4 protein chains.
Amino acid sequence: MKKNLIRKGSTAMPQNKTDIRKKKIIDTATKVFSQRGFKEATISEIAKKAKISEASIYEYFLTKEGLLFSIPVDASQMLFDTMTFHLKLIRGAANKLRAIVFLFIDSYQKNPDFAAVLMLYLKHNKNFLETEGHVAIKAGIKQITTVIDQGIETGEFKKGTNPYLIRSMILGTIEHLVTNWVMTGNPDNLEELVDPMIDVIIQGIENTGNDPVHWSLQRPVKREESSS
Amino acid sequence: MKKNLIRKGSTAMPQNKTDIRKKKIIDTATKVFSQRGFKEATISEIAKKAKISEASIYEYFLTKEGLLFSIPVDASQMLFDTMTFHLKLIRGAANKLRAIVFLFIDSYQKNPDFAAVLMLYLKHNKNFLETEGHVAIKAGIKQITTVIDQGIETGEFKKGTNPYLIRSMILGTIEHLVTNWVMTGNPDNLEELVDPMIDVIIQGIENTGNDPVHWSLQRPVKREESSS
Amino acid sequence: MKKNLIRKGSTAMPQNKTDIRKKKIIDTATKVFSQRGFKEATISEIAKKAKISEASIYEYFLTKEGLLFSIPVDASQMLFDTMTFHLKLIRGAANKLRAIVFLFIDSYQKNPDFAAVLMLYLKHNKNFLETEGHVAIKAGIKQITTVIDQGIETGEFKKGTNPYLIRSMILGTIEHLVTNWVMTGNPDNLEELVDPMIDVIIQGIENTGNDPVHWSLQRPVKREESSS
Amino acid sequence: MKKNLIRKGSTAMPQNKTDIRKKKIIDTATKVFSQRGFKEATISEIAKKAKISEASIYEYFLTKEGLLFSIPVDASQMLFDTMTFHLKLIRGAANKLRAIVFLFIDSYQKNPDFAAVLMLYLKHNKNFLETEGHVAIKAGIKQITTVIDQGIETGEFKKGTNPYLIRSMILGTIEHLVTNWVMTGNPDNLEELVDPMIDVIIQGIENTGNDPVHWSLQRPVKREESSS
DNA sequence: AATGAATGAGCGTTCATTCAT
DNA sequence: CATGAATGAACGCTCATTCAT
């Protein structure tokens, strides 16, 4: 359905002149999109700042949106690789989740412009769903689900845990925090929130052996006590 | 600082012809923005569908973006009022949180176009931060913090609970779920997820009287240091 | 198949401001296209010379090509009407053909820019075939065929006369002469050629009662005398 | 004045690698120009289809228009040679004219792409007038005038015959028929029309010895004056 | 001789917005 | 109050052409 919007090879480890130019375009575009917004940014401005002609940008990317969509491709791939590597060294689903969240947050915090582009212009763009960049991102996200599934299987997490919900809570929280962070000019240290956040999640899903939900509306008897 | 991008009075309960026309514009715009995207949508299209001249739209709203920003004003006010009303009837911070989340989700689920506009075009727009609509939304969000603070005060929630983090987790999860929901064409029933989600959060912050971090195998003691 | 490329009504007898503006655009475009060529001409230039904004041109015409295609609409209609009127007054197919050719040539000679646009940019444009302007032109051309058919029917022209061929000869000659005329800067008086041209055609198709073709290769006997 | 837009030698009988490549470019360009139109066709497309780099095309032709103008050079030369050869074998101006028309039509019918390029993109291009290709074409056309002149001189054609008009009629008819033929996708057999067409012309100009204008009712005597 | 890579120069088209009525 | 008409201001994209190798 969707044509490939990127023209030439990867920029992960740019070796030749072509890849170096391509990377320069992507890096410049990331900055410009982040600072001025995707629609407000112009190819002309990116070209000027990258010291490359506008026409050359169209040599590498078929459209302005194609350029936008190519931004996360390599970054996400690298994050995925890093994640895969680290997860091998960690035991326990809980600790793995913590590592994943930390790596996500750390990656965004180290690349605020990339984080801004991802949170503000990619995550809410329907066209992005069909692109290579999104596939790369999905691979990273998939790791969360996998770890949760493993946690349930090993009995570390409760049997009734809904992996989709937990993944959504983790991703949603990250997205919310990072979005706030990029929209308000990056004042906070996001990494401080990783542990408390994971703590909450884990306590909510860890297998304690006894019925954890003694306060819910559905079990009115026990509820009355704990409710104020 | 807070620019006034709306020209004439409220549309909550349109009485006169002006308010009716204004409401028609907002409703049409909500639909059009939701279906076609903010930038892709044109004033001309909205005018045509609302059977009102383009020039008239500019009688009511100063700019296209002003029209966008006016969309959540009344809806958010109404949600806030409903919330306030319901919260009076509920005891216990946990139950109040559950009610808040339910009301948010319910409101979005009943107005998919509004939800789409909010999640896709307002929540990530820096200019929106300074508007009346955002104030209305913040009022609703403030309720979450208030309830969490109350929960901590009454001892229902753990003392060390970070209200900002918990609020971010709640909002982030809602935003993530609703965004997915609007981007994939509203297939799921979101309300089913309210209880499990709140359950996880509450278990993570409820005051049980004992050390909450009994699940970490790798750093049973060192935890306190590494978490910052 | 083809969308209507013209936006607003006729310019034949411009009454209101809109029609006057539209006519001004068409007249200016005719001049500019004629002098600079269709592809070389720019909307900007037409707008400047017509003292109308570029955007306004797009109010009246959907595309640059649509503007081109709208040039012959009214002119051809008027020519058709004139032709119809005159033909009523003339007896004899031969004389009618002469009148038609004269009116064509006269119309082109009086509007060299229009003639140039028609001959150089419309007659050879495949997209033009599906437009309103082409329909108007075809109506004029149809008259030729009709008159020839009548001539054959009344016995004024030979029975075996191929109307399509004769029409092609008439049109082809006109087109060739007018094209040369516009390409070389309109030096000649084309009307002088109308009579000789029609004379040749008529002599070739008039019904003389005896076999006219005594010289052709196919009848070698008689041929030898007249050849060389 | 006559700019040389071609860089290297003839392609009539390509011997060396250079000429073979050049011919391949011209043949491909003819096809592409014919199918997509001159302006719509791109050098890139021609290069791709000819399996030759764009830069190489510019080794052989100075500009895109120069490439277009070089298309008829060899073809017209060959047609001229063929024509010259055949005319030597034919007696009689009428038969020579027939042969010329037949050779023109036959040549176009056998090379529809070339015919299309000639009729649609060369014949109406003012810049083409100054080129080598046009000179070659003019040589062929000159033959028509020469034959007509000879016919008048030998008394085969009427004394008052206007050679320019007759040539225009012949060329115009051919152009009109071929243009229609290429624009409508080459459905007809054009050769069938050669004889009838020449018959009409010849009858219109052949010397019969008596007053030719016995058919005109309106101006039975005045004819001689009004004809140029 | 041949080409991959780079670009200068341009243009059609879109729309939010204004204004006269 | 309502609107039809007009436009200013941009911008993405294309491609013929050049140049270094």
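Chain identifiers are assigned alphabetically (A, B, ...) following the order of the sequence lines, protein sequences preceding nucleic acid strands; residue numbering begins at 1 within each chain. Hydrogens, waters and symmetry mates are skipped; everything else that's a heavy atom, side chains included, is used. It should be emphasised that the depicted structure is a prediction, and the values quoted were computed from it without experimental measurement.
Between C:Ile52 and A:Phe38, the one whose closest nucleotide on DNA chain F sits nearer the 5' end is C:Ile52. Residues C:Glu40 and A:Lys51 both approach DNA chain E. Their nearest nucleotides, taken by heavy-atom distance, put A:Lys51 toward the 5′ side.
Under the 6.0 Å distance and 45° angle rule, A:Lys39 does not count as a cation-pi partner of B:Phe38.
Side chain B:Glu54 to base E:dC15: no donor-acceptor pair is found below 3.5 Å.
Rounded to an integer number of Å, the gap from CD1 of C:Ile43 to P of F:dG8 is 15 Å. Here the P atom of nucleotide F:dA5 and the CD1 atom of C:Ile20 are 14 Å apart, to the nearest Å. If you measure from atom CD1 of A:Ile57 to atom P of F:dT14, you get 14 Å, rounded to the nearest angstrom. For the pair D:Glu65 CD and F:dC15 P, the computed distance is 17 Å after rounding to whole Å. The nearest whole Å value for the distance from the NZ atom in A:Lys39 to the P atom in E:dC15 is 10 Å. Atom P of nucleotide E:dA5 and atom NZ of A:Lys24 are separated by 17 Å, given to the nearest angstrom. Between the CZ atom of D:Phe61 and the P atom of F:dT18 there is a distance of 16 Å, rounded to whole Å. Residue A:Lys48 contributes atom NZ, which lies 15 Å from atom P of E:dT7 at whole-angstrom precision.
Look at B:Arg21 and you'll find a side-chain N or O under 4.0 angstrom from OP1 or OP2 of F:dA2. Within the 4.0 Å cut-off from OP1 or OP2 of F:dA2, at least one side-chain nitrogen or oxygen of B:Lys17 is found.
Of the candidates F:dT14, E:dC15, F:dT17, F:dT14 carries the atom nearest the A:Ala55 side chain, counting heavy atoms from C-beta on. Relative to the side chain of B:Thr63, the nucleotides E:dT7, E:dT17, F:dC13 differ in distance, and E:dT17 lies closest. Listed nucleotides: F:dT7, E:dG12, F:dA2. Nearest to the side chain of B:Tyr60: F:dA2. Considering only the side chain of A:Ser53, E:dG8 comes nearest among F:dA16, E:dC15, E:dG8. For B:Glu59, counting side-chain heavy atoms from C-beta on, the closest listed nucleotide (F:dT3, E:dT3, E:dC15) is F:dT3. With E:dT13, E:dT17, F:dG12 as the choices, the nucleotide that has an atom nearest any side-chain atom of C:Lys64 turns out to be E:dT13.
Counting heavy-atom neighbours within 6.0 Å of A:Lys123 NZ, excluding the residue itself, gives a total above 12.
Base engagement by C:Ser56 is indicated by at least one non-hydrogen atom pair under 4.0 Å involving a base atom. Using a 4.0 Å heavy-atom cutoff across all strands shown, A:Ala47 reaches no nucleic acid atom at all.
Taking the six-membered ring where tryptophan is involved, the planes of C:His134 and C:Phe128 are perpendicular, since the angle between them exceeds 60° and thus also 30°.
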Exercise. Where does DNA chain F pair, written as one dot-bracket string 5' to 3', with Watson-Crick or G-U pairs under 3.5 Å, ( ) inside the strand, [ ] for crossing pairs and | for another strand?
Worked result: .||||||||||||||||||||
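Electrostatic pairing of D:Lys23 and D:Asp27 counts as a salt bridge here, judged by a charged N lying under 4.0 Å from a carboxylate O.
Among the candidates A:Asn125, A:Leu129, A:Thr131, the single residue satisfying the side-chain contact (heavy atoms from CB on, under 4.5 Å) test with A:Asn127 is A:Asn125.
A:Thr42 contributes atom OG1, which lies 7.0 Å from atom NZ of A:Lys48 (distance to the nearest 0.5 angstrom).
Looking at heavy atoms from C-beta onward, B:Leu122 lies out of side-chain contact with B:Ile137 at the 4.5 angstrom threshold. In this structure, the side chains of C:Lys22 and C:Phe61 come closer than 4.5 Å at one or more pairs of heavy atoms.
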